[in-house]
Amino acid sequence: QVQLVESGGGLVQAGGSLRLSCAASGRSFNLYNMGWFRQAPGKEREFVSAIRWSGGTTYYADSVKGRFTISRDNAKNTVYLQMNSLKPEDTAVYYCAADRDFRLRVGALDYDYWGQGTQVTVSS
């Protein structure tokens, strides 16, 4: 089992940057693919980005491609989401999640473990 704790959220002006972190505890973090999702008020949880267990493959939603970068440090059991050029529409609660499957997946239902989320608010 894996426990996930997100941090790094906050209030930022449009055009600014934030870096989210997700610290994992438990065994075999380096065997899990990791994903970031977000959920805005009144909307469904949506995929943001994912990274393979090795860090060698990443995938992004079109809405964040070129602005967000996902990375991981398996030695620190941590996955990151660097968010640049933030827009008001990026405002949401951001969640990290772990997936035991070998495939890099984008569906929230595919992920096995979730953090509690961290709020990101982008003001215009």
Beyond-backbone contact of L81 with R19, side-chain heavy atoms, under 4.5 angstrom: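 SC-SC contact between L81 and R19 ruled out.
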T91 side chain reached by L86 side chain, heavy atoms, under 4.5 Å: no
Inter-residue atom distance [X].[atom1] - [Y].[atom2], 0.5 Å rounding:
| X | Y | atom1 | atom2 | result |
| --- | --- | --- | --- | --- |
| L109 | D99 | CG | CG | 11.5 Å |
| S71 | M34 | OG | CE | 11.5 Å |
| N30 | N77 | CG | CG | 7.5 Å |
| R38 | S49 | CZ | OG | 11.0 Å |
| L20 | C96 | CG | SG | 9.5 Å |

W114 and F37 aromatic centres sub-6.0 Å: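 Yes.
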Residues K87 and D90 bridged, charged N to O under 4.0 Å: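 Salt bridge between K87 and D90, a charged N being under 4.0 Å from a carboxylate O: no.
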Test: R103 and D110 ion pair at under 4.0 Å: no
Are the side chain of [X] and the backbone N or O of [Y] linked by a donor-acceptor pair below 3.5 Å?
| X | Y | value |
| --- | --- | --- |
| Q39 | A92 | no |
| E6 | T118 | no |
| R72 | R52 | yes |
| N33 | D101 | yes |
| Q82 | T69 | no |
| Y32 | A97 | no |

All pairs passing ring pair (Phe, Tyr, Trp, His ring centres under 6.0 Å) where residues 57-82 contributes a residue, at least two apart: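 Listed by first then second residue: F47-Y59.
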S123-Q13 side chain donor-acceptor pair, cut-off 3.5 Å: no
Distance-only donor-acceptor check, side chains T78 and D73, under 3.5 Å: no
Connected via hydrophobic side-chain network under 4.5 Å: Y95 and I70: no
Transitive ILVMFWY side-chain link Y111 to W36, under 4.5 Å: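 No: no chain of side-chain contacts under 4.5 Å links Y111 to W36.
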With R100 via salt bridge (charged side-chain N to carboxylate O under 4.0 Å, His left out) - residues at least two apart: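 Salt bridge (charged side-chain N to carboxylate O under 4.0 Å, His left out) list for R100, sorted by chain: D112.
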